[in-house]
Amino acid sequence: MDMEKVYNFKTVEGKWSKYWVENKTFSAKVDKNKKPFTIVIPPANITGSLHMGHALNTTLQDIIIRFKKLQGYNTLWVPGTDHGGIATQNVVEKLLKKEGINKYELGREKFLEKMWQWKNKTGDTILSQLKMMGCGLDWDRVAFTMDESRSKAVKKAFIELFNKGLIYRGKRLVNWCTRCGTALSDIEVEYVDEKSSLWHIKYPLKDSNEYIVIATTRPETMFGDTAVAVNPEDDRYKKLLGKALMLPLLNREIKLISDYTIDKSFGTGALKVTPASDAVDNEIAKRNNLEVIEIIDINGKMINVPENYKGLTVKEAREKVVKELEIKGYLIKVQAYDHKVGKCYRCSTTIEPLMSEQWFLNVWQMSKRAIDAVNDGETVFHPESWKRPYTLWLENLRDWCISRQLWWGHRIPIYYCVDEKGNKTDCKSIASFEAPKQCLCCKGSNFVQDEDVLDTWFSSALWPVSIFGWQEDEHNKELKYFYPTSVLATGHEIIYLWVARMVQFGLEFMKEVPYRDVFIHGIVRDKHGKKMSKSLGNVIDPREIMDNFGTDALRFALACAGALGRDMQISEESFLSARNFANKIWNASRFIIMNLEGIENLDVDITAIELSDKWILAELYEMSLKVKKAYESYNIDTASRTLYDFFWVKYCDWYIELSKIRMMSEDLQAKKQVLKILVHALKVTLQLLSPVMPFITSEIWQILGEKKIIAESKFLNELKESDKSNIEKMKFLQDIIIALRTIRSKMNISPAQQIEALFNVLDESKEKVVKENESYVKQLAKLSSITFTKNIVRPNNSALAVVSGFEIFLPLEGLIDIEKEKTRLLKELALAKQEIEKTTAKLEDDNFIKRAPGSEVEKIKTRLNEANIKLDKINESLRFLG
RNA sequence: GGGCAGUUAGCUCAGCUGGGAGAGCAUUUCCCUUACAAGGAAGAGGUCGCAGGUUCAAACCCUGCACUGCCCACCA
């Protein structure tokens, strides 16, 4: 099979992604003889197609899975998607709105039909994208957070928690999104800086001309005020405590109370207390037994207010109140003020704290256990720096509001007993998988199910257990074998929303953490450092990249992009160089495969004959150690970069070039020897690189396999250690070659032109290495001959290179530009002088001699020595040149 | 107000337990040398944010500061 000159990723990728799926390459079964290595995918929300963040996340997981598979683990990576509650419902609602359809007119049932249609479409898109990415997922295990089995898990968990008394219903102040029409948990609120005002308002004392001034950002909520609070230590107000104030506009009597949380220095030190519209106020109200007056309804409209305010939006009411207060002389001053305002994390609507009947989960005990698990090292964060934020968050966690007033989601499995007319009775509500047959209290048989659904993160939190059938059988084999999973890979934006909650639930239901490692990777940003988002229009679509540069290029670029846990900025250029790398791999392999033509077998052992062989084997060994270590510690970027450097620079630029000498020789045995090493190093590199670039490596591996002349290469641990000193020796030769090339380049000598060289030996110990490897120098520096001498007769019109142990002359009669050579030498001279100064200074420092390790001192001495020789030789040459 | 990251070449980023500043892209010169022009060779480009400290020796360790980003927080 002829290999194309340019790597054609399209045909190769299509072939392999199909092969892996059809061949069930990544299916896993319980196998007690093998160690499991398990990852559950963070299920993508079915809001649309996968973006660059998903591409990064899945690439990293796939790299880990494929690497562990190479190491012989029984690997399992479970795919799935998330129904994404509020987010997905919003997307579909918007879509329907475009068609002029309102969800309320449609009705719950019909609306859910639309949701499922959407789910089927986008769910498939996402899964097919994962397949295109080459992800080594077990496709027999695809799960969805709202499929039948996962629904059962949600019910089971809810019922258990309810029966333990951890889930309760209550009327509390919750974060309410008036647009989504639902309550949100505390972490689903994002705080955004907003320019606003601080209004200073007079609150008169009852039957007095005196007044207190309060400062507020929300004047419209004054209708719900039930007190004014001051700090008990505040001398300004001490004598007034307990007195009655008259609420402006309403003329309702409220008390002046004290509370320790009041900051004397803020505003006027007096806070209007609106228990139904502010979390702080609500706490104060609880402590002081204040009445709670609700003034804003779930649509964000004013209620329980004077007639002319009723039904106004919050914004309208604010303007009107301010105007009225001003007219009536209550407004003292308005101060420009910036503060943070809570916004819905899904639609950015301003959150209204409202009193509302909701379901809550008591998380106190679960949090404590989740903290302990991480402190005890049962679960380890990578990087470790995330441990603290995780712990702090759990320590201060309030009960989780788990009910949502949405339609798309897991309906809360609570049933209320109703009478014949359908009215709820006072009987106890029942948590149950199905509607109960009979009420335990009144023996009635009519029930209605709670209208609300659960927070989407409730089912996400169960993911690692629900995926292995905990809901069917808590002691099933799969759960026992695959749980706890090995690692969870995710971005840091969902540590609280998801990671912490999985740990809580895992410990609650399995008595064991859900994963051993948490690999927190960075977030993909655009080239200006902004988060990629549709609204900013700065998204790079992974599909476009795959189309233009190839999937391996996409994967490699992402793998290289950022050090562990750090955010990364991505631009098109990074994919370009990754594509070039793929092409380089392709062509290097092509070269080797071309040279295998006509060779029946490689019946030679991998024996390092020459220095270059010993060198590349030593480099290969060092590289494999480093790469392996990097993979294991989730330093995917280090692994990728190391492979890149080894392959491109060491393998291609040096070893392949050096191998050509033997490749072109008549000696078949020599050719076979070098080919064997070339193939061996290539195969090891391909193996190590295959987790990152599975397509191209599989393809080349297969082509090599078809040759049937090379036995399987050994992997990693079986690689033999090589003598590191060969790396030093090779470095020495490379320095000589580079020095000669530099001269050629400076003098503009055509590569076609062979020139001779005179090596004046200054240090006999170095002579042997060069003599033994003379052909390398000749080949790579394009020399026609090398003459070794000890008694130099300086040739006219020659260029000079001084390297460790040698003074090299290139006689360049007719080619040399004397002025250029002088300039070049002067520059070299300056460098040598600098080196002498630096090293001399060190060696003259007694402290350095006394305290630095001997090896270090020796190193400096050598450097000084060589710099001195260089200086002398350059000076001589300069004198000679005139 | 706390906490956590970051600040290294024009851009994007590496730099492990302190001992001669690196890569990719961009740029300059030369080369279509029979694996690869998506390539090869050579070069230019950095007071490693600032100021102190520890050390024989600091991009790296410590302290402070500045700037950027993120997270958390009941100053209305």
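Given the structure is predicted, the values throughout are model-derived calculations rather than measurements. Note: hydrogens, waters and symmetry copies are ignored here, and every other heavy atom, side chains too, is used.
- Phe556(A) places its CZ atom 14 Å from the P atom of rA14(B), with the value rounded to the nearest Å.
- Taking the P atoms as reference points, rG43(B) lies 29 Å from rU7(B), given to the whole Å.
- Checking His339(A) against Glu194(A) by side-chain atom types alone, no donor-acceptor pair falls below 3.5 Å.
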Represent RNA chain B in dot-bracket notation, 5' to 3'. Only Watson-Crick or G-U wobble pairs with both distances under 3.5 Å count; pseudoknot-style crossings use [ ] and interstrand partners use |.
(((((((..((((.....[..)))).(((((.......))))).....(((((..]....))))))))))))....
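- With P as the reference atom, rA41(B) and rC48(B) are 30 Å apart, rounded to whole Å.
- Arg851(A) has its CZ atom 12 Å from the C1' atom of rA57(B), to the nearest Å.
- The C1' atoms of rC60(B) and rU33(B) are separated by 43 Å, rounded to the nearest whole Å.
- A cation-pi arrangement, defined by a distance under 6.0 Å to the six-membered ring centre and an angle within 45 degrees of its axis, is present between Arg501(A) and Trp400(A).
- Nucleic acid contact for Tyr337(A): sugar-phosphate only, since backbone atoms but no base atoms lie under 4.0 Å from a heavy atom of the residue.
- When atom types are taken as modelled, the side chain of Asp817(A) and the backbone of Lys820(A) share a donor-acceptor pair closer than 3.5 angstrom.
- With Ser589(A) contributing its side chain and Ile585(A) its backbone, the two residues share a donor-acceptor pair below 3.5 Å.
- We find that CG of Leu843(A) is positioned 13 Å from C1' of rG20(B), with the value rounded to whole Å.
- Atom P of rC61(B) sits at a distance of 12 Å from the matching atom of rG15(B), rounded to the whole Å.
- Atom P of nucleotide rA5(B) and atom CD1 of Ile520(A) are separated by 14 Å, given to the nearest angstrom.
- Taking atom C1' in both rC67(B) and rC74(B), the straight-line distance is 30 Å, to the nearest Å.
- A perpendicular orientation is assigned to the rings of Phe581(A) and Phe647(A), their planes being inclined by more than 60° (bins at 30° and 60°).
- rG64(B) and rA5(B) have their P atoms separated by 14 Å, given to the nearest Å.
- Atom CZ of Phe575(A) and atom C1' of rU12(B) are 12 Å apart (whole Å).
- Using a 4.0 Å heavy-atom cutoff across all strands shown, Gly491(A) reaches no nucleic acid atom at all.
- Using P as the reference atom, rU12(B) and rC75(B) are 35 Å apart when rounded to the nearest Å.
- Contact check of residues 383-390 of chain A against RNA chain B (heavy atom, cut-off under 4.0 Å) returns Arg388(A).
- Proximity of a side-chain donor or acceptor of Tyr203(A) to a complementary backbone N or O of Lys272(A) within less than 3.5 Å is not detected.
- Within the nucleic acid shown, Ala852(A) comes within 4.0 Å of at least one base atom, counting heavy atoms only.
- Residue Tyr191(A) is classed as having no contact, given no heavy-atom separation below 4.0 Å to the nucleic acid.
- Looking at which nucleotide of RNA chain B each of Val280(A) and Lys629(A) is closest to, the 5′-most match is held by Lys629(A).
- In this structure, Lys626(A) forms no cation-pi arrangement with Tyr631(A), as its terminal cationic atom is not both closer than 6.0 Å to the ring centre and no more than 45° off the ring axis.
- In the model, Asp186(A) has a side-chain atom that pairs as donor or acceptor with a side-chain atom of Asn175(A) under 3.5 Å.
- Among the atoms of the strands shown, none is found under 4.0 Å from any heavy atom of Lys850(A).
- In this structure, Tyr7(A) and Trp586(A) have tilted ring planes: the angle between them lies in the 30° to 60° band.
- On the P atoms, rG46(B) is 15 Å away from rC50(B), given to the nearest whole Å.
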Letter per nucleotide, 5' to 3', of nucleotides 35-43 of chain B [B base touched, S only sugar-phosphate touched, - untouched; heavy atoms, 4.0 Å]
BBSBSSSSS
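- Ile743(A) has its CD1 atom 19 Å from the P atom of rC30(B), to the nearest Å.
- When heavy atoms are screened at a 4.0 angstrom cut-off, Glu835(A) is found touching base atoms of the nucleic acid.
- Counting to the nearest Å, the P atom of rC74(B) and the CD1 atom of Ile262(A) are 15 Å from each other.
- Atoms NE2 (His492(A)) and P (rG6(B)) sit 12 Å apart, rounded to a whole Å.
- When only modelled atom types and interatomic distance are considered, Glu188(A) and Ser185(A) share a side-chain donor-acceptor pair under 3.5 Å.
- In this structure, CZ in Phe591(A) is found 12.0 Å from CG in Leu682(A), a value given to the nearest 0.5 Å.
- In this structure, of rC72(B), rG19(B), rA76(B), it is rG19(B) that holds the atom nearest to the side chain of Glu856(A).
- Under the 3.5 Å distance criterion, with hydrogens and angles disregarded, a donor-acceptor pair is assigned to the side chains of Lys343(A) and Thr350(A).
- Proximity of a side-chain donor or acceptor of Arg744(A) to a complementary backbone N or O of Ala781(A) within less than 3.5 Å is detected.
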